[in-house]
J.: 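After the structure tokens below, expect a handful of questions from me.
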There are 2 protein chains.
Amino acid sequence: MGELSPRQKHILRLAERQGFVTIDSLSEDFGVSAQTVRRDIIALSEAGLLQRFHGGAGPIGESEAVRLDHEHKAGVAVEEKRRIAEAAAALINDGTSLFIDVGTTMEMTAKALNTRRGLKVFTTSIRAALAFDASRHEVRVLGGRVAGRDGSLVGEEVVLALSGMQLDLALIACSGVDVEGRVMDFSLSKITVKQAAMRAASRTFLLATPSKFGRSALATVARVGDFTEVIDGVAPSVASQVR
Amino acid sequence: MGELSPRQKHILRLAERQGFVTIDSLSEDFGVSAQTVRRDIIALSEAGLLQRFHGGAGPIGESEAVRLDHEHKAGVAVEEKRRIAEAAAALINDGTSLFIDVGTTMEMTAKALNTRRGLKVFTTSIRAALAFDASRHEVRVLGGRVAGRDGSLVGEEVVLALSGMQLDLALIACSGVDVEGRVMDFSLSKITVKQAAMRAASRTFLLATPSKFGRSALATVARVGDFTEVIDGVAPSVASQVR
DNA sequence: GTGGTAATGTAAGTTTTCTTACATCGGACT
DNA sequence: AGTCCGATGTAAGAAAACTTACATTACCAC
């Protein structure tokens, strides 16, 4: 991602100086097709340097820049997580109501879901909430106590809110899946939330990188077999390969 | 054509301040249909005050954008906001229960408050929630719909939750304070939240940079005199200098 | 030369936004 | 009350922009 073509840099500069740029004018200025400009803008917006809109792009707001810092730090197993995110997104249709759990995998899934639209999203992850495009989906944060730097919300309020819900789907993350097929996590308060979300949803996906398998943690969330699908980004997503 | 409706003036101001505005966001902020916003933008662009593009509009000249750019780069606004944040933090004791509003000033205040400990924080700003050190304070996010890129939460749930609370303090931000002493904002849904927070708190601080004074916005949150303190980062913080 | 790869152009079909036209509502004037 | 008029909302068709997929070009490695 470190590579920016001269043209992309130029687009960035123009956007910052003029406040906004249109695809048409850029296409004319640079003497390339609109599609090429569009590709540049897509690359820049994915890098978080520019904000897209219909017909062009504008510079990113100042508060946005802060967010980027953090995201670049979250560089562990990015590729694997992205594959999982894409695989999960591929299984989710427009209009689905879903819960999304806490974690960087979930944040990537949130981004991947911005190609969908009209989702009804409920989450306990502040960061995932920010990753969603609020103009494409109806994103709701469940009120609760902020548990730590990962921006997770826990507490009675969360469980209570979830207990009264009926959702299509819950996307769940975990700390590890032990050899007995127990899905485990280190945080008791988060486990309570995960379990509540699973009860509220008619389908449940477990999203876990391959490295999570064979590792145990503090306490059990559920059994692998309790999930509708297990998505590890490697095998084609079929339910319960582990048992 | 000398007639500009208040809303049109505000659209113009927002466009100049942000570099560009989208129909969608304006429609949501002002609580009118997209078509109405479009008509405003058409009027403004025909008057030569705004430049239209698909999905929104931007200011006409680059001079304005350049000036703003310099301001940001030079960190003028940032410096002011930090002063305000420090001033506010100085007035808040350990253990206080407080509401904190949406905005970059509030995010800075959140950081400044990390020198305190044991605060009971309630917020509708996802970003402010992340800025707090959750191990020093008890930080709670009020559940609600994510309204936009600024990570603000709005909606009935928020107002409902606030209506049942009794807090020591509410920190409120705004878009402008007009010459009559009306504290104003551009987003109707956010205004509702601010008012609910003010009702729930026994003391209320208004945090606003000097540039906010003399500017009006869409609708009124409260009067300056309704606040316990007005903190602009310049004058020593004394309540209600403006009647 | 051959094969591979990255960047760009082109085109079909979809999605979003825009325009135009008409219905509704509320205030001002008679 | 009745009428007019401006502001706003809603809906259908038109226009603009987007996505996806594939063809083309240029360049580098072998």
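To find a chain, count down the sequence lines: A is the first, B the second, and so on, and within it residues start at 1. Small disclaimer: the values here were computed from a predicted structure and weren't measured.
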J.: Under 4.0 Å between a Lys/Arg side-chain N and an Asp/Glu carboxylate O for Lys194(A) and Asp101(A)?
T.: yes
J.: Atom CG of Asp40(B) to atom C1' of dT8(D): distance rounded to whole Å?
T.: 10 Å
J.: Without decimals, in angstroms, what is the distance between Leu26(B) CG and dT8(D) C1'?
T.: 16 Å
J.: Distance check needed: dA6(C) P versus Arg7(A) CZ, whole Å only.
T.: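 About 16 Å, once rounded to whole Å.
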J.: Strictly below 4.0 Å, N to O, side chains only: are Arg140(A) and Glu138(A) in salt-bridge contact?
T.: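 So Arg140(A) pairs with Glu138(A) through a salt bridge.
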J.: Any side-chain N or O of Thr36(A) under 4.0 Å from OP1/OP2 of dG9(C)?
T.: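 Answer yes for this pair, as a side-chain N or O of Thr36(A) is under 4.0 Å from OP1 or OP2.
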J.: In whole angstrom, give the distance that lies between atom CG of Asp24(B) and atom P of dT15(C).
T.: 17 Å
J.: Write down the distance between CD1 (Ile23(A)) and C1' (dT15(C)), rounded to a whole number of angstrom.
T.: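 Distance, rounded to whole Å: 15 Å.
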J.: Using whole Å, what does the distance between atom P of nucleotide dA11(C) and atom CZ of Arg38(A) come to?
T.: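 To the nearest whole Å, that distance equals 15 Å.
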J.: Under 4.0 Å, counting only non-hydrogen atoms across every strand here, what does Phe53(B) touch: a base, just sugar-phosphate, or nothing?
T.: sugar-phosphate
J.: Once you round it to whole Å, what is the distance between C1' of dC18(D) and CZ of Arg136(A)?
T.: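 Whole-Å distance recorded here is 10 Å.
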J.: Would you mind telling me which of dC18(D), dT16(C), dC18(C) lies closest to the side-chain atoms of Arg117(A)?
T.: dT16(C)
J.: Regarding Ile42(B), tell me which of base, sugar-phosphate or nothing describes its non-hydrogen contacts under 4.0 Å with the strands shown.
T.: sugar-phosphate
J.: Check the pair His10(A) / Phe30(A) against ring pair (Phe, Tyr, Trp, His ring centres under 6.0 Å), numbers first and verdict last.
T.: CA-CA 10 Å; His10(A) 198 163; Phe30(A) 290 107; 5.2 Å; yes
J.: Rounded to the Å, how far apart are Glu46(B) CD and dT19(C) C1'?
T.: 13 Å
J.: Are Phe205(A) and Phe227(A) near enough that their ring centres are under 6.0 Å apart?
T.: no
J.: Kindly point out which of dT8(D), dG9(D), dC18(D) is positioned nearest to the side chain of His54(A)?
T.: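 Shortest atom-to-atom distance from the side chain points to dC18(D).
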J.: Do any side-chain nitrogens or oxygens of Arg52(A) fall under 4.0 Å of OP1 or OP2 in dT19(D)?
T.: yes
J.: With a 3.5 Å cut-off and just heavy-atom distances, do the side chain of Gln35(B) and the base of dT17(C) make a donor-acceptor pair?
T.: no
J.: Checking the side chain of Arg7(B) only, and the main-chain atoms of Val37(B) only, is there a donor and an acceptor separated by less than 3.5 Å?
T.: no
J.: Hey, is the side chain of Arg39(B) pairing donor to acceptor with the base of dG6(D) inside 3.5 Å?
T.: no
